[in-house]
There are 2 protein chains.
Amino acid sequence: MDRTAVHRPAVSVDRTSPVPLYFQVAQQLEAAIRDGGLPPGSRLENEILLADRYGLSRPTIRQAIQHLVDKGLLVRKRGVGTQVVQAQVRRSIELTSLYDDLLASGRSPSTRVLELGTLPADDEVARELDVAPGTEVLRLRRLRLTGDEPLALLTNYLPVDLVALTAEDLAARGLYEMLRTAGVNLRIANQTIGARGATAIEARLLDERRGVPLLTMTRVAYDDKGRPVEYGCHVYRASRYSFALTLVER
Amino acid sequence: MDRTAVHRPAVSVDRTSPVPLYFQVAQQLEAAIRDGGLPPGSRLENEILLADRYGLSRPTIRQAIQHLVDKGLLVRKRGVGTQVVQAQVRRSIELTSLYDDLLASGRSPSTRVLELGTLPADDEVARELDVAPGTEVLRLRRLRLTGDEPLALLTNYLPVDLVALTAEDLAARGLYEMLRTAGVNLRIANQTIGARGATAIEARLLDERRGVPLLTMTRVAYDDKGRPVEYGCHVYRASRYSFALTLVER
DNA sequence: AAGTGGTCTAGACCACCGA
DNA sequence: CGGTGGTCTAGACCACTTG
């Protein structure tokens, strides 16, 4: 009987809550995993027992477990059972902005707005934003800092009629947060991550020397109607920034 | 009635097939999307009608649709319906090796094995592979080329007893394919993507000059039991390689 | 008000795994 | 062989969006 222990965390669901039952279950299991009640490698009870314990149906329990499998916290194997993953799962790259990322990691970001105005779209911008070349688009250039240290140079293009932006807002909040507030629901983004040497202008703004390696990220984000809403070309000081992501095999 | 058209692709499922019904439906819908039968922005019929059309239950149809939503091909909105995403979805980074990536994109990769042997793990390798410092581990260094052009320098560390590797095999197949064949099921990987300048050795091997920007990727991959099975430190010529990924908001 | 997807149930049978 | 997750059904009620 010296197998991997099966744990039984305390459980309860509130059927009057607007929070879906499967989500309540998932939250409780995730909390148990994160606080050690369900240590890495431990096995969950099978789905039938869990359903009985929570007073829910098996499909609902399955939905909760699937949610955590998608998040990379659990692993299921037919004929075997469900186990807590041993590997530490890091936050994956999500549809958030650098500003959000820095806030979440406890650092204090600041922003200097270098430019905020409209100009005719060149061919590349027009293609990515799906407008005719020459159409007026908004261009936004910002320098992101932590403390006094420049971290990244952010250039964004947006359709002019999408949202009203002011430099003051942008200095205090992230672009993505402002878009969400304006009712723009971001759904999909295509990103490309690469590297290149700094141009003279980039070097000056980022307090580096010309030619130092920079990490680049270009991104086109689309809203829930599939319209492109933002095209960004960002460069990061490689000495102070990297992308971390967790991949989960389905 | 000049709304977004609702399309009705031809449908059929084979109930004698071992392929799950929801997966057959998902495949047919995906094919219709990719070949233009379901153009970007078009609306699917509602779930009830689709279930009737396929002769399946609604949960099964929902499972198929959810599969494509996860892939970023469809978007669902309550009270509205299901639409084909307008944005082009690129292949996201998955648990595959560079070798697989190159094969899939139609280029002809080749590999030169520079080193294949064991050595005592230093502190960093020991920490990532979860072994005691000084434990013998396998080190593998390879140069990846397309045609005659060096593309990347790959350094991997693996537990010694995991799989028997030969230089010949590694020259012909990707590491991940060999691991899968050996019964190692990769489930989770933590990756970090960054950039730095090339060292003199890297520059010589990659046919670049010292200090040129390189894209770096370090990865720890875990199998389905949560054991670390591979620690890789790879550098790519930024002039010839970048990472593309598609993010989908859930 | 009508139509949509979101959630939930209580069963059922099957495929795979390990002893 | 028994136990596990994988798939599937035929309903039900609800929340949200749009006209």
Side-chain angles (χ1 to χ4, degrees), chain A residues 1-4 6 13-27 29 42-70 74-85 183 185 187 223-225 249-250, chain B residues 1-4 6 13-27 29 42-70 74-85 183 185 187 223-225 249-250:
Chain A
M1 229 43 117
D2 40 327
R3 313 208 121 264
T4 316
V6 174
V13 291
D14 174 8
R15 298 191 90 100
T16 70
S17 161
V19 177
L21 300 177
Y22 82 88
F23 198 81
Q24 293 184 39
V25 175
Q27 281 180 319
L29 291 177
S42 61
R43 268 179 48 216
L44 259 63
E45 294 179 288
N46 73 44
E47 299 174 345
I48 310 285
L49 286 175
L50 278 175
D52 286 349
R53 195 174 300 283
Y54 277 100
L56 298 173
S57 69
R58 185 182 163 207
T60 301
I61 294 294
R62 274 184 66 76
Q63 194 175 3
I65 291 176
Q66 186 59 47
H67 191 75
L68 297 180
V69 170
D70 288 344
L74 294 177
V75 170
R76 283 197 281 203
K77 280 176 79 174
R78 189 193 319 219
V80 177
T82 305
Q83 273 186 301
V84 177
V85 152
N185 300 307
R187 279 296 160 84
D223 70 3
D224 49 17
K225 296 182 186 62
E249 185 81 355
R250 317 244 166 182
Chain B
M1 231 42 123
D2 40 325
R3 313 207 120 266
T4 316
V6 175
V13 292
D14 174 8
R15 299 190 88 102
T16 71
S17 162
V19 177
L21 300 178
Y22 82 88
F23 198 80
Q24 293 185 39
V25 175
Q27 280 180 319
L29 292 177
S42 61
R43 268 180 46 216
L44 259 61
E45 296 178 285
N46 73 46
E47 299 174 345
I48 311 285
L49 286 175
L50 278 175
D52 287 348
R53 193 174 300 282
Y54 277 99
L56 299 173
S57 69
R58 186 183 164 207
T60 302
I61 294 295
R62 275 184 65 78
Q63 195 175 1
I65 291 176
Q66 185 59 46
H67 191 74
L68 297 180
V69 169
D70 288 343
L74 295 177
V75 170
R76 284 199 280 203
K77 281 176 80 174
R78 177 162 16 187
V80 177
T82 305
Q83 274 186 301
V84 178
V85 150
N185 300 306
R187 280 296 159 84
D223 71 2
D224 48 18
K225 296 184 185 61
E249 185 82 355
R250 317 249 166 178

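In the text below, chain A, chain B and the rest are named by the order of the sequence lines, each starting its count at 1.
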Check your understanding: Just how far, in rounded Å, is P of C:dT9 from CD1 of A:I48?
Key -> 13 Å
Review point. Between B:Q24 and B:V19, what is the shortest heavy-atom contact and its length?
Key: NE2-O, 3.0 Å
Review point. Is the closest side-chain heavy-atom distance between A:I61 and A:I65 below 4.5 Å?
Key: yes
Practice item. Only pairs at least two apart or in different chains count here, so list each side-chain hydrogen bond (donor to acceptor under 3.5 Å, both in side chains) that has a residue in residues 56-65 of chain B. Key: B:E47-B:R58, B:E47-B:R62, B:S57-B:T60
**Study point:** Relative orientation of the end axes in the helix from C:dA1-D:dT18 to C:dG18-D:dC1, expressed as an angle to the nearest 10° (five pairs per end)
**Key:** 20°
Revision key, fill the gap. Residues in residues 52-65 of chain A with a heavy atom under 4.0 Å of DNA chain C, by number, are A:L56, A:S57, A:R58, A:P59, A:T60, A:Q63
Revision key, fill the gap. For residues 13-27 of chain A, the salt bridge (Lys or Arg N to Asp or Glu O under 4.0 Å) pairs (sequence neighbours left out) are none
Point to revise | Between D:dT9 (C1') and B:L50 (CG): distance, integer Å | key: 17 Å
Practice item. Would you jot down, in residue-number order, the residues of residues 75-82 of chain A having a non-hydrogen atom under 4.0 Å from DNA chain C? Key: A:R78, A:G79, A:V80
Check your understanding: What distance separates A:L49 CG from A:Y54 OH, expressed to the nearest 0.5 Å?
Key -> 13.0 Å
Check your understanding: Side chains of B:L56 and B:V25: does their closest heavy-atom pair fall under 4.5 Å?
Key -> yes
Revision key, fill the gap. When rounded to whole Å, the CG to C1' distance for the pair B:N46 and D:dT18 reads 15 Å
Practice item. Measure from CZ on A:F23 to P on C:dC8 and round the result to the nearest Å. Key: 11 Å
Review point. Rounded to whole angstroms, how far apart are NE2 on B:H67 and P on D:dG6?
Key: 14 Å
Review point. Starting at the 5' end of DNA chain C, which residue's closest nucleotide do you reach first, B:E47 or A:P20?
Key: B:E47
Review point. Are side-chain heavy atoms of B:T82 and B:R43 found at a separation under 4.5 Å?
Key: no
**Study point:** Residues forming a side chain to side chain contact (heavy atoms under 4.5 Å, CB included) with B:V84, sequence neighbours excluded
**Key:** B:I33, B:L38, B:S42, B:L44, B:L74
Practice item. Return the value, rounded to whole Å, for the distance between atom CD of A:E45 and atom P of D:dG3. Key: 15 Å
Review point. Touch check for B:L21, heavy atoms < 4.0 angstrom, all strands: base, sugar-phosphate only, or nothing?
Key: sugar-phosphate
Practice item. Mind checking the OH-NE2 spacing from A:Y22 to A:H67? Nearest 0.5 Å is all I need. Key: 6.0 Å
Check your understanding: Between B:R15 (CZ) and C:dC13 (P), how many Å, whole number?
Key -> 15 Å
Exercise for review: Rounded to the nearest 0.5 Å, what's the gap from NZ on A:K77 to CD on A:Q83? Could you check?
Suggested key: 8.0 Å
Review point. Can you tell me how far P of D:dG5 sits from OH of B:Y22, to the nearest Å?
Key: 16 Å
